[in-house]
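In listed order, ligands and their atoms are each counted from 1.
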Amino acid sequence: MDPTAPAAVGDTRPVVTRFAPSPSGELHLGNARTALFNLLLARHAGGRFLLRVEDTDRERSQESYTRALMDELRWLGIEWDAGPDREDARGPYRQSGRAALYEQYFARLVREDKVYPCYCTPLELEASRRAQLSAGRPPRYAGTCSTLSGAERARREAEGPKPTWRFRVPRGTRVEFVDFVHGPQGALTDDIGDFVIRRADGSAAFFFSNAVDDAGMGVTRVLRGEDHLTNTPRQLLILEALGLPAPRYGHVSLIVGADGAPLSKRHGAVSVREYRERGYLPAALTNHLFRLGHSSALHGLLTLEEMARGFDPQHLGRAPSRFDEQQLHVWQKDTVHHLSTEAARAWLAPVLPPGLSEREASAFVIAMRPNLVLPSDARPWVEIVFGGPPALEPAAEAVVRSAGSGYFAAAAAAAREGADLPAIAGAVRAATGRKGAELYMPLRVALTGLAHGPELAPLLKAMPAGKACERLARFA
Ligand code: GLU
Ligand code: ZN
């Protein structure tokens with residue numbers, strides 16, 4: 001793929017997208033979808049996909065989360081062209097390593113008087129916020145420190161705590177942009193208070209580092225969650241103040257749970273790690289995420305390459321998209337169905353009894369897999385197939401009794417020759433004249449203790465030698 005191919009006729013910049021997680025928690029499904037969409041957008045256009053770790057918030061960021069994020073992304077098949085472990089000239093790809101760059105841009109804003117120090121205490125800010133709210137106005141920074149005299153600044157500086165630095169938002173204009181999901185957007189600058197771009201500890205605040213990094217890394221498309229839509233005007237103001245190129249922004253609707261509320265811990269598992277640990281497969285997750293908020297005419301289980309070919313940012317929806325575990329199960333079953341026997345064995349390995357030969361494990365996997373969503377679904381069957389003879393519930397007992405001992409004598413004799421269902425059923429049919437369910441049900445019940453379950457022929461093959469015969473002979 002040529003990473004320099006133009007995104008569209010007339011646009012000479014190659015498409016560069018990025019995923020920019022803050023390593024303050026686990027990768028959750030919403031972020032995984034954002035990462036996936038950015039990967040697909042870049043691949044679709046023959047562009048580049050970057051991973052940038054936004055760890056300027058020292059208190060909340062943890063290196064272990066960064067490592068876990070990268071691990072979960074890779075597991076999903078989401079590979080980046082440059083990132084913290086694949087540095088290039090546009091890096092470093094960890095914001096914690098970019099302080100000197102922020103310093104340069106910051107110094108320029110200071111020189112041009114586009115920022116000013118703010119000495120307001122949290123208490124003062126809160127009081128101002130309350131006053132505005134009670135006057136029925138939306139709260140924003142009142143501009144208290146924007147007009148301090150040199151002497152006043154010097155006094156506050158000497159007094160104590162280090163100031164934050166605020167961006168001087170130009171008055172009386174509008175910021176306009178076209179969101180590639182939501183269409184034309186605008187905000188009055190008078191509705192945006194002067195906002196902090198540098199924290200008191202000297203670190204760059206989100207609006208600032210995020211915007212200048214997109215420019216510095218050559219990012220041309222920012223596809224992110226709708227929760228960032230209202231941040232965009234501020235980021236555009238910063239880029240404009242610095243004369244930096246702006247990316248095109250698109251904001252995808254949030255993922256909601258079955259109850260319509262934004263997906264959260266309340267809905268159960270939300271982190272990719274949890275799904276992975278429960279035995280969901282990457283293709284099942286990516287196929288479900290691909291269809292959340294992105295309408296596609298492509299049906300069936302797709303590879304990431306196929307998704308990239310079919311990805312269309314114009315098909316990103318504005319309505320909240322519903323995460324549906326039932327739908328995920330459909331993709332999961334489809335994915336399991338397509339696994340090689342070897343891959344399926346590895347997938348089921350956590351629940352298989354120790355010491356099985358490869359042949360035994362394969363026979364079990366082949367018998368079970370059409371019935372499984374997760375490996376744990378196979379647990380009861382491990383007991384049924386490899387454990388002692390199953391105890392029968394009264395209803396099951398009745399089925400077996402009504403078949404009679406002649407039925408089972410014929411079955412056991414045939415089973416002694418091998419666990420082959422057609423041969424066993426043939427012998428029983430010849431001995432009893434039974435057919436259909438009448439013929440098969442007593443066999444199933446005697447062998448498994450249950451009236452339902454996976455197909456009987458492969459299940460029989462999975463039973464250790466002699467077990468089937470022993471179970472049938474019990475009723476002869
Ligand atoms: N670090 C921000 C987040 O995780 C990035 C937002 C963006 O993609 O611009 O929400
Ligand atoms: Zn202030």
Exercise for the section: Please determine if P21 has a nitrogen or oxygen closer than 3.5 Å to a nitrogen or oxygen of ligand 1. Expected result: no
Exercise for the section: Give the atoms of ligand 1, by number and element, whose distance to some non-hydrogen atom of E54 is under 4.0 Å. Expected result: 1 (N), 2 (C), 5 (C)
Handout entry: Location of contacts on D227 toward ligand 1, heavy atoms closer than 4.0 Å
Key = neither
Practice task
Look at the side chain of H288 and the backbone N and O of F323, then say whether any donor-acceptor pair between them is shorter than 3.5 Å.
Solution key: no
Exercise for the section: Would you mind checking which non-hydrogen protein atom is closest to atom 7 (C) of ligand 1, with the distance to 0.1 Å? Expected result: R18 NH1, 3.3 Å
Handout entry: Options S22, G30, A20, ranked by nearest heavy atom to atom 5 (C) of ligand 1, top entry
Key = A20
Exercise for the section: Check if F206 has a non-hydrogen atom at a distance under 4.0 Å from any atom of ligand 1. Expected result: yes
Exercise for the section: Please report the closest heavy-atom contact between L41 and V15, naming both atoms and the distance. Expected result: O-CG1, 4.3 Å
Handout entry: Option among V212, N231, V196 that satisfies the side-chain contact (heavy atoms from CB on, under 4.5 Å) test with F207
Key = N231
Completion exercise
Ranked by distance from atom 6 (C) of ligand 1, the top protein heavy atom is H228 NE2, 3.2 Å
Problem - Short N/O/S contact of Y141 with the Zn ion (ligand 2) (below 2.8 Å) - result: yes
Practice task
Indicate yes or no: does E126 engage R130 in a salt bridge with an N to O separation below 4.0 Å.
Solution key: yes
Exercise for the section: Without swapping roles, check the side chain of R98 against the backbone of P92 for a donor-acceptor pair under 3.5 Å. Expected result: yes
Exercise for the section: Kindly indicate whether the side chain of P313, heavy atoms from C-beta on, has any atom under 4.5 Å from the side chain of L223. Expected result: no
